[in-house]
Amino acid sequence: MAKLLISRGPYQGTEIELQPGSNRVGRGPDNDIQIEDDSVSSHHCEISIENGLTRIRDLGSTNGTFIDGCPVQDSPLRPGQRLQLGSFELSYDSAVRVRVAAPPTGANQPKSTPALPSGMSPCKQHATNPAEWLCNRCHQLFCNACVLAKTIGRKPVHVCVTCGGQCTPFGLGVFAKKEEAKSFFSELPEVFKYPLKGNGLILLLGGTIFFGVMAALQRGPTFGLLIWALKIMLAIITGGYLFSYLQKIIQSSAQGDEEMPSWPDFGDYWNDIIRPYFQGVALVLVCLGPAWLIAGKALLDFGLTGDVPVGTIALGVVVGLMGLTYLPMALLAVAMADSMAGINPLFVIPSILKVPVEYTVACCILIAVFIVQVVSSLVLDRIIPLPVVPALLSGFMSLYFLTAEMRLLGLMYYTNKDTLKWF
């Protein structure tokens, strides 16, 4: 079968199979081949295989499609040619192979297994293939044929077909060393340093200004249906973009990245804004909606009878606490799966029970950070009399604490992925 081989980067050597007919390639999840790279457009190009011929057609991509360094719009693709989508490089490998006859040997000559070049380690399943992947669970070496490429949170990962563990690239000629396992508790002191690492401060300042401007626009006077529609649109853009970035922080931390990711682009309005917005709204409604309904009933009963419905209030408090306990793991699952299927109780509750100590600590830290965040915002409004400065400082602190909270959830997955076994 024809395939593309990733030529460079952390997933160098990974094979992507091409199916007969049309193969649409791009960053969006609705493509036949999804490539999570900022330089790749949502729908970048189309590779078609018909009657043994392969062609590639650019779909109006932002950064262009190149073959051997030359830009193309619609061109044949031949075996061995280097394909470049934005800054992402692959090479095309045809299914056609030329078979060379082996030289004649004596009838009684013993058969021997071809030896690998010096310095190369063999695959556990295929002794003649060099090992290119190390499984983090069973700690065995495998070739490309023994790993399965999957997409987790729009980011490609590779898993062992034997035990299902996540694999990391293994360089040829290098002896495998098991990476020292990091514990959740040893990583906790770094959580609040994370938002300021690398370009973190610049990202936070840019986000503070953006969300401050969006909030100011939404606070303007409301006259007429058109203004209401504009404010709703601004609220969706603000909420969707923020939730999209929070997901990106979780996914980046869950992959072991040490620095904050860049802000999402606006290249795909549906995937970068609309879908994350409704994911966030649905998540909050599922986790906290029942408590709000009970609170509304308590207010209605009080208005009708004048008596305080103690039993209803107590039930609302219990349901609310259960929802708050459920929310962090559900948020982590939604971010990692990039799907509302992560809210499923049959998935979330067993996951909580697999890491009860780490999850309890994470929830306590999240509650403490939320209290500090609210108190800080209230104090800033009182001690700084200037009209704009308190809002900007409060926005910066809120964004800082949200980033730290998402980092905490991502680390909880990263340090317990072998226990959770989600993918």
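All heavy atoms count here, side chains included; hydrogens, waters and symmetry mates do not. Residue indices begin at 1 and follow the sequence shown.
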For [X], is the [atom1] atom crowded, meaning more than 12 foreign heavy atoms sit under 6.0 Å from it?
| X | atom1 | value |
| --- | --- | --- |
| F278 | CZ | no |
| F370 | CZ | no |
| I202 | CD1 | no |

Can you check whether [X] reaches [Y] side chain to side chain, under 4.5 Å on heavy atoms?
| X | Y | result |
| --- | --- | --- |
| M397 | V372 | no |
| S252 | M260 | no |
| L409 | P328 | yes |
| Y359 | L332 | no |
| L408 | V369 | no |
| V25 | L59 | no |
| Y194 | E187 | no |
| L324 | L288 | yes |

Can you tell me if [X] uses its side chain to pair, donor with acceptor, with the backbone of [Y] under 3.5 Å?
| X | Y | value |
| --- | --- | --- |
| E50 | G21 | no |
| R407 | V191 | no |
| N344 | A341 | no |
| Y400 | F192 | yes |
| W263 | L203 | yes |
| E259 | G200 | no |
| T403 | L399 | yes |
| H44 | G64 | yes |

Enter the distance from [X]:[atom1] to [Y]:[atom2] here, rounded to the nearest 0.5 Å.
| X | Y | atom1 | atom2 | answer |
| --- | --- | --- | --- | --- |
| R27 | S42 | CZ | OG | 4.0 Å |
| L393 | T208 | CG | OG1 | 9.0 Å |
| L5 | E89 | CG | CD | 13.0 Å |
| L4 | L77 | CG | CG | 7.5 Å |
| E17 | I33 | CD | CD1 | 10.0 Å |
| I35 | C45 | CD1 | SG | 7.0 Å |

With side-chain contact (heavy atoms from CB on, under 4.5 Å) as the test, would you mind laying out the steps for I349 and M329 before giving the verdict? CA-CA 8 Å; I349 294 177; M329 185 64 81; over 6 Å; no
Go through it in stages, so that I can follow the logic: the residues are L366 and L327, the test is side-chain contact (heavy atoms from CB on, under 4.5 Å), and I'd like the CA-CA distance, side-chain angles, deciding distance and then a yes or no. CA-CA 11 Å; L366 291 174; L327 178 60; over 6 Å; no
Give the minimum heavy-atom separation between [X] and [Y], together with the two atoms involved.
| X | Y | result |
| --- | --- | --- |
| I49 | L18 | CD1-CB, 3.7 Å |
| A362 | F184 | CB-CZ, 4.1 Å |
| K197 | E190 | NZ-OE1, 3.9 Å |
| M214 | L234 | CE-CD2, 3.6 Å |
| Q247 | A335 | NE2-CA, 3.9 Å |
| L283 | A330 | CD1-CB, 3.7 Å |

Are a donor atom and an acceptor atom from the side chains of R55 and S48 found within less than 3.5 Å of each other?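 No.
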Indicate whether any N or O donor in one side chain lies under 3.5 Å from an N or O acceptor in the other, for N416 and T419.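 No - no donor-acceptor pair under 3.5 Å links their side chains.
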Charged N to carboxylate O below 4.0 Å: is that the case for E46 and R57?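 Result for this pair is yes, salt bridge flagged.
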How are the rings of Y241 and F211 set to each other: parallel, tilted or perpendicular (split at 30° and 60°)?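 Tilted.
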What orientation do Y413 and W422 show, parallel under 30°, tilted 30 to 60°, or perpendicular over 60°?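 Tilted: the ring planes of Y413 and W422 meet at 30° to 60°.
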Give the intermediate values and the outcome of side-chain contact (heavy atoms from CB on, under 4.5 Å) for residues L402 and L242. CA-CA 10 Å; L402 278 174; L242 178 60; 4.3 Å; yes
Show the numbers, then the answer: is there a side-chain contact (heavy atoms from CB on, under 4.5 Å) between I273 and Y277? CA-CA 6 Å; I273 302 292; Y277 175 79; 5.6 Å; no
